[in-house]
Amino acid sequence: MLGYLWGFLYSNYVRFWLKWILRLLTRKCELQRVFDGAKAGAQRTLSIEHSLESSKNKVLRNAVHVEEAEVEKCVRDVMKEKKIEQKDTGFKTNLHISLLQISGYKKLYLNVENLRKVPYDSDNEEHEEQLIELWNLLMPHENLKARITKQWCDIGFQGDDPKTDFRGMGLLGLVNLVYFSKHYTNEARQILSRSNHPKLGYSYAIVGINLTEMAYSLLKNGALKSHLYNMVSGSPQMEHFHQFYCSTLLPPGSYRARKAARVSVHSQISALKRKNYLFLFFQLTALTKLYSSQTTETLPQSIQNTIHRHF
């Protein structure tokens, strides 16, 4: 109750007067102070995003909702509103980058969500081609005997027709599996081989789809902002989401894993992997710990069940 009351008072009264006093002392607005005090990356962009969203000025609040094509005009409008000279190229460049990251993240989420909403259609030739491509990438020396066959279980699907396993994540689950298998083929085959362990075995494709669900949920609730704002000095693209997904599958500590993620998560996972348990499941827990605001309760139910079942 006290926390809620303080939050209300701070947002509606204290913050305004604090900003006013700081402006008198520094002769700079909050946006200028952020750019002066924070290095380029997540800390800066998250602070700018919070400042704009919390502003009582309509022009500033609307800045976090602009399309990429409108960013340049939006920067000019913000500078005019805050009485910052247009010749201040440093402020203009920094705000332009931050707005590109903010608008790009929102657009990326919409693109990922749209792909997730596309159901797998066995009558769609492109969908079928991607599914067959996944098989060929993972099992190059074994031909499928039929489209519907128990052979699909060999790469971790639950039944003789994989389309039923894509119901939750739609085409996004398949696209991620194919992307990882195409760009990290050797690693994908090694992980598939380990999944056949007689005691510690797991369903490779199902784990991959569950990791897609986790990556999607982190993107949806904003937990991936820090990662993407640090990694991309511009508008995040679908390629960056795929790379993050790949980093959850790659063996912790490997060069390719660090290159895919470019975050400290793999240093955390490496310590767990040395225990010789099923590293994919440990990655679920390690990635959860990566974001201090992210708890297992906010992850998808299927991910929670996996963590609780194995830990």
Min side-chain heavy-atom separation V78-C74 under 4.5 Å: yes
Under 3.5 Å donor-acceptor, D165 side chain and Q158 backbone: yes
Check: Q151 side chain, K145 main-chain N or O, donor-acceptor pair, under 3.5 Å: yes
N-O pairing of K220 and E113 below 4.0 Å: no
M214 reachable from Y204 in the ILVMFWY side-chain graph, under 4.5 Å edges: yes
Residue K163 excluded, over 12 heavy atoms near NZ under 6.0 Å: no
Hydrophobic cluster membership, I148 vs L131, 4.5 Å side-chain cutoff: no
Rounded distance (nearest 0.5 Å) linking atom CG of N57 with atom CG of D77: 10.5 Å
Straight-line distance of S181 OG to M139 CE, nearest 0.5 Å: 12.0 Å
Heavy-atom donor-acceptor pair, K182 side chain to L137 backbone, under 3.5 Å: no
S51 (side chain) donor-acceptor with I48 (main chain) under 3.5 angstrom: no
K28 side, atom NZ; D36 side, atom CG - distance, nearest 0.5 Å: 3.5 Å
Main-chain N/O of N186 paired to R189 side chain as donor or acceptor, under 3.5 Å: no
Backbone of Q237 reached by a side-chain donor or acceptor of H240 within 3.5 Å: yes
OG-NE2 distance between S55 and H50, expressed to the nearest 0.5 angstrom: 11.0 Å
Test item: W135 side-chain N/O and E142 main-chain N/O as donor-acceptor pair under 3.5 Å: yes
Validation row: P162, R147 side chains within 4.5 angstrom (heavy atoms): yes
Residues, nucleotides or ligands: over 12 heavy atoms within 6.0 Å of K107 NZ: no
Option from L99, N94, L100 for which side chain to side chain contact (heavy atoms under 4.5 Å, CB included) with H96 holds: L100
Test item: R116 side-chain N/O and L172 main-chain N/O as donor-acceptor pair under 3.5 Å: no
All ring pair (Phe, Tyr, Trp, His ring centres under 6.0 Å) counterparts of F91, not counting sequence neighbours: F35
Within 6.0 angstrom of E129 CD, more than 12 heavy atoms from elsewhere: yes
Side-chain (Q101) to main-chain (Y229) donor-acceptor, under 3.5 angstrom: yes
Qualifying residues under ring pair (Phe, Tyr, Trp, His ring centres under 6.0 Å), relative to F166, sequence neighbours excluded: Y120, F157
Side chain to side chain contact (heavy atoms under 4.5 Å, CB included) partners of D121, counting only residues at least two apart: D123, N124, H127
Evaluation steps, side-chain contact (heavy atoms from CB on, under 4.5 Å), between Y105 and L224: CA-CA 9 Å; Y105 189 94; L224 274 190; 3.7 Å; yes
R167 side chain reached by T164 side chain, heavy atoms, under 4.5 Å: yes
Side-chain donor/acceptor of N230 to backbone N/O of A42, under 3.5 Å: yes
